[in-house]
Amino acid sequence: MKTESLLERRTAAVPRGAFNIAPLFVESASGSKIRDVEGREYLDFCGGIGVMNVGHCHPAVVSAIQDQAARLIHSCWHVAMYEPYVELAERLNALVPMPGPNKTLFLNSGAEANENAVKIARAYTKRAAVAVFERGFHGRTLLTLSMTGKVDPYRRGFGPFMPSVFRLPYEPFFAPADADATTVAGEAMIALDHLFSYQTEPDRIACLVVEPVLGEGGFLPIHPAAFRVLRDVCTDRGILLVADEVQSGFGRCGAYFACERYGIVPDMILMAKSLAGGMPLSAVTASAEIMDAAQVGGLGGTYGGNPVAIAASLAVLDVMEREKLPERAEVIGARVMELFERMAARNACFARPRGLGAMRGVEVVDPVSGLPDAERAKRLVAAARDRGLLIMTASGNVIRTLMPLTISDEELDAGLRILDDAAASVEEPTPAEATRVPA
Ligand SMILES: Cc1ncc(COP(=O)(O)O)c(C=O)c1O
């Protein structure tokens, strides 16, 4: 088998730290399907971790990449400029919910977008500190790892981290959507007061970076009342509110940006992943006043806003508009939620279905204690893969959906049927659970 020998070569040549969720090598992909080197086809509910909202190898994206590659692959923005960079900046400046005039900087990855957001916020506010959330994920570079709010596997052994990063608890901010708004708002105020009273003074905080829907942290949408409190407190205290929409953006949550679903206007939006249909590209967008705070030469990099990635992104924007993918996300999400609610109703292994648009999750838990059960979640993912569906977890025990938004109704139904079947296969108590006496 080709896969076996590739796995052997992979083990010998590539560090184990660069993890894989499946022993699978891809040969090609199209739309919502991936074909492996054995010729086996899988429905893809991972989308390269939220990158393929327009689907694999969308013809419009492929053609834009081919055209651009034949004309100019790289000149470096700082050496010789090119129009598509400006055009994409103009389109994103108009697309974000901030009134403008806005400006956009292009980089290569979500982590780099977060890094630059902090640099720009510091330059603009002349303050040093950064506020973030437990369970937040902002990347794996040392600054963004300092911001990322989970020890295992991200931070373990990699410290010391950047000082002046302060962390808010994820609860009450990410309380369930049906939690009482007044209670959540009150508790959110208390948590912020704690931050300002016991950790750092608010006028030292340059920015507060929040994912409107926690991605790696478990597909938890922020509670609307808590988001409103964050907006108001940031305005009152002169703190920039930064929406990290790297995973929740670009149509995934039923709008171009999840914050639009809440009617919250952040000061800065960070984009990556589905921004460029699989090409490495990220963006930081904010008002011209904020973005121009950094001095000439203070921002950039060799590859940021590479012409081929920019061309792909322009094509992605056209596809999203033409195929109305943000609206489609809502339809997909409703069908996924139907299944997740059914799973939670029929078996105690599944709990707390949630999400926004097509960014949906359901927890796999120990049926007796109700505690997170990452082992059972792993078995579910493997059972789905055996049946021809690629799906992955967030935060260990949360089954999450990141299928292309271009997925057909038939493919979606087929994928959900497999998921249902795989879920049923892990519902039986394990021998250890069967003999355990409830506490
Ligand atoms: C919300 C969020 N921010 C930042 C990142 C980091 O992006 P990248 O892996 O492109 O550096 C991720 C990646 O999963 C993410 O989900």
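In what follows, residues are counted from 1 in the order of the sequence shown. Counting starts at 1 for both ligands and their atoms, following the listed order. Nothing here was measured: the structure is a model prediction, and the numbers come from that model.
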Does atom 8 (P) of ligand 1 have a protein heavy-atom neighbour under 4.0 Å away?
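Yes; the ligand atom in question has protein heavy-atom contact below 4.0 Å.
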Under 4.0 Å from ligand 1, counting heavy atoms only, is it the side chain of [X], its backbone, both or neither?
X	answer
L270	neither
K273	side chain
E211	side chain
S109	both

Is the charged tip of R155 near the ring of F161: under 6.0 Å from the six-membered ring centre and within 45° of its axis?
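Flagged: R155 positioned over aromatic ring of F161.
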Donor-acceptor contact below 3.5 Å, side chain K324 vs main chain E321:
no
Exam field: side chain R360 to backbone R335, donor-acceptor pair closer than 3.5 Å:
no
[X] near ligand 1, heavy-atom distance under 4.0 Å?
X	answer
D244	yes
A111	yes
E245	no

Taking the six-membered ring for Trp, is the centroid-to-centroid distance between F227 and F173 below 6.0 Å?
no
Is there a side chain to side chain contact (heavy atoms under 4.5 Å, CB included) between I290 and D267? Walk through the geometry before answering.
CA-CA 9 Å; I290 294 173; D267 297 304; 4.2 Å; yes
Using side chain to side chain contact (heavy atoms under 4.5 Å, CB included), reason through F137 and K150 one step at a time and then give a plain yes or no.
CA-CA 8 Å; F137 184 89; K150 189 154 186 284; over 6 Å; no
